[in-house]
*Asks:* 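Below you will find the structure I want to go over with you.
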2 protein chains.
Amino acid sequence: MTGQVRTVDGRVAGRRGQATRQKLLECLSEMLSTHPYRDVKVIDVARMAGTSPATFYQYFPDVEGAVLELAEEMAKEGTTLTDLVAGRNWVGKPAYAAAEDLVDGFLTFWRKNDAILRVVDLGAAEGDKRFYKIRMKILNAVTNSLTDSIKELQSKGKVDKTVSPAAMAGSLVVMLAAAAAHQKGFQSWGVKQAELKPNLALLVHLGVTGKKPTK
Amino acid sequence: MTGQVRTVDGRVAGRRGQATRQKLLECLSEMLSTHPYRDVKVIDVARMAGTSPATFYQYFPDVEGAVLELAEEMAKEGTTLTDLVAGRNWVGKPAYAAAEDLVDGFLTFWRKNDAILRVVDLGAAEGDKRFYKIRMKILNAVTNSLTDSIKELQSKGKVDKTVSPAAMAGSLVVMLAAAAAHQKGFQSWGVKQAELKPNLALLVHLGVTGKKPTK
DNA sequence: AAGGTAAACTGACGGCATGACAGGACAAGT
DNA sequence: ACTTGTCCTGTCATGCCGTCAGTTTACCTT
């Protein structure tokens with residue numbers, strides 16, 4: 001579609017403009033990683049980028065608008081998460097490997113983008129449709145894929161008919177997202193990273209296949 | 001301990017003072033339910049409470065400080081969640097009922113306090129220890145209880161030794177919290193409330209006992 | 001009831017973020 | 001060098017933040 005980068009007042013941005021715009025986004029990202037969302041101010045981001053607040057407002061309506069921009073970028077990258085599920089075999093021994101890979105990929109992706117994902121999560125929970133949509137875009141990739149896998153197992157009679165594939169897939173994906181977001185939280189329960197992964201994988205396996213993995 | 005309510009500058013608050021303080025908290029709570037966290041301003045809360053910003057700052061250091069107050073209150077109430085797990089029988093048919101009750105209680109509690117829990121979640125994810133502690137207080141009640149249940153099943157040989165009780169309990173609780181926080185999100189996957197609950201209960205059952213529920 | 005004291009509240013102020021605008025700096029082509 | 005369109009910044013009005021000095025209110029003592 002319209003791949004044109006535009007300023008707030010409708011001008012098309014040239015090379016130099018795009019560069020500063022990008023720099024502002026980078027600084028914002030940095031800022032989000034090191035300061036509470038509520039305290040991220042336009043003036044700080046602008047200063048960090050070596051420019052003025054007025055410039056910031058040329059490219060973004062406000063902080064939220066800029067965060068949405070970052071989130072969109074991330075969402076594009078996030079659709080590659082589908083590869084973790086699509087075309088996997090959920091029967092027998094390969095099933096557990098699939099579960100492990102899914103958990104691993106998910107945790108890695110979340111850790112890499114945790115600062116933005118925090119804000120996206122908040123915005124979505126607050127009912128902001130724009131953030132909500134982005135969150136869906138990321139999670140849908142995995143959820144739909146998982147849903148299909150469960151449906152297939154069901155049609156083969158390998159999974160109980162009472163299970164709702166979408167609800168189960170959604171629950172699992174939501175669990176992974178939350179576990180990823182609060183990875184540090186587990187430490188205070190005396191749970192080490194290394195312990196967490198296999199248990200999440202076990203739960204994913206149990207949820208999808210309904211059975212314990214065959215070792 | 002010191003049950004004294006104090007102002008920021010150290011005075012002990014009297015009857016009238018406590019009343020306005022309480023009113024401010026109520027208005028803040030209302031504000032959090034209807035506006036994005038980032039946009040909640042002291043002046044708006046004060047206006048809604050029919051007082052001035054200066055009064056607000058007599059009782060709370062800032063918006064965050066007041067939210068912590070609200071969260072503490074909620075956390076006290078939240079420890080009753082333990083009752084949903086403690087003393088439950090996780091063998092045979094009663095196990096599924098236990099899982100159902102846990103899911104139901106959790107979702108209800110979360111929905112009732114969603115506005116504050118959103119902020120607590122954000123604060124915790126951002127690494128703020130105060131919010132983190134409150135989140136733990138609520139989740140620990142359930143997690144520790146679940147952990148014990150799993151340990152017990154393990155000692156009886158009913159659950160695989162490779163399972164880490166704490167990691168499993170933590171994963172399940174985190175899943176419930178996330179599912180509760182994004183209840184609306186499931187609708188766009190075509191999942192109805194009524195479908196979600198039994199599937200969550202099934203996952204809890206699978207996670208704790210390692211087996212499908214006996215109907 | 002008068003007077004005293006601590007509590008409760010407010011008006012006002014300096015400081016800072018926001019957001020709009022107009023004008024100057026810059027790059028690229030002629 | 002000149003023109004043109006893009007890009008950036010100085011400046012300003014507005015509004016919120018957070019503090020303080022000072023006023024009003026409630027309560028207690030005598």
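So that the names make sense, note that chain A is the first sequence line, chain B the second, and so on, each numbered from 1. None of the values given here were measured: they were computed from a predicted structure.
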*Asks:* Under the rule for ring pair (Phe, Tyr, Trp, His ring centres under 6.0 Å), what residues qualify as partners of B/F109, not counting sequence neighbours?
*Replies:*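 So B/F109 forms no ring pair (Phe, Tyr, Trp, His ring centres under 6.0 Å) with any residue.
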
*Asks:* With sequence neighbours left out, which residue pairs that include part of residues 21-40 of chain B fulfil the salt bridge (Lys or Arg N to Asp or Glu O under 4.0 Å) condition?
*Replies:*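 Those involving residues 21-40 of chain B are B/R21-B/E69.
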
*Asks:* Checking B/D104 now: which residues fulfil side chain to side chain donor-acceptor pair (under 3.5 Å) with it, not counting sequence neighbours?
*Replies:*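 Expected list: B/K197.
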
*Asks:* Tell me the salt bridge (Lys or Arg N to Asp or Glu O under 4.0 Å) pairs involving residues 131-145 of chain A, sequence neighbours left out?
*Replies:*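 Listed once each, the pairs are A/D121-A/R135.
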
*Asks:* Specify the residues of residues 42-66 of chain B, ordered by number, for which at least one heavy atom lies under 4.0 angstrom from an atom of DNA chain C.
*Replies:*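 Heavy-atom contacts with DNA chain C come from B/T51, B/S52, B/A54, B/T55, B/Q58, B/Y59.
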
*Asks:* Tell me the interatomic distance from A/K23, atom NZ, to D/dC7, atom P, rounded to whole angstroms.
*Replies:*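 Rounded to the whole Å, the gap is 17 Å.
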
*Asks:* A/E77: what forms a salt bridge (charged side-chain N to carboxylate O under 4.0 Å, His left out) with it, not counting sequence neighbours?
*Replies:*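 If we apply the salt bridge (charged side-chain N to carboxylate O under 4.0 Å, His left out) test to A/E77, skipping adjacent residues, the hits are A/K112.
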
*Asks:* Identify all pairs in which a protein N or O lies below 3.5 Å from an N or O of nucleotides 26-28 of chain D, and state each distance.
*Replies:*
unit_1 : atom_1 : unit_2 : atom_2 : d
D/dC27 : OP1    : B/R15  : NH2    : 2.4

*Asks:* I'd like to check the side chain to side chain contact (heavy atoms under 4.5 Å, CB included) partners of A/A97; sequence neighbours left out, ordered by chain and number.
*Replies:*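 None.
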
*Asks:* Can you list the residues that meet the salt bridge (charged side-chain N to carboxylate O under 4.0 Å, His left out) rule with A/E73, with sequence neighbours excluded?
*Replies:*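 None.
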
*Asks:* How many Å lie between NZ on A/K41 and P on D/dC16, as a whole number?
*Replies:*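 Those two atoms, NZ and P, are 13 Å apart.
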
*Asks:* Taking salt bridge (charged side-chain N to carboxylate O under 4.0 Å, His left out) as the definition, give me every residue that meets it alongside B/E64, ordered by chain and number, with sequence neighbours left out.
*Replies:*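 Only B/R130 meet the salt bridge (charged side-chain N to carboxylate O under 4.0 Å, His left out) criterion with B/E64.
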
*Asks:* Using the heavy-atom set of chain B and a strict 4.0 Å cut-off, write down the first and last nucleotide of DNA chain C that makes it in, 5' to 3'.
*Replies:*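 With heavy atoms of chain B under 4.0 Å away, the range is C/dA7 to C/dG11.
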
*Asks:* Less than 4.0 angstrom from a charged side-chain N to a carboxylate O is my criterion; do A/R47 and A/D44 meet it?
*Replies:*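 Between A/D44 and A/R47 there is a salt bridge, with a charged N closer than 4.0 Å to a carboxylate O.
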
*Asks:* With sequence neighbours excluded, tell me which residues meet salt bridge (charged side-chain N to carboxylate O under 4.0 Å, His left out) with A/D148.
*Replies:*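 Once residues adjacent in sequence are excluded, A/D148 has no partner under the salt bridge (charged side-chain N to carboxylate O under 4.0 Å, His left out) criterion.
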
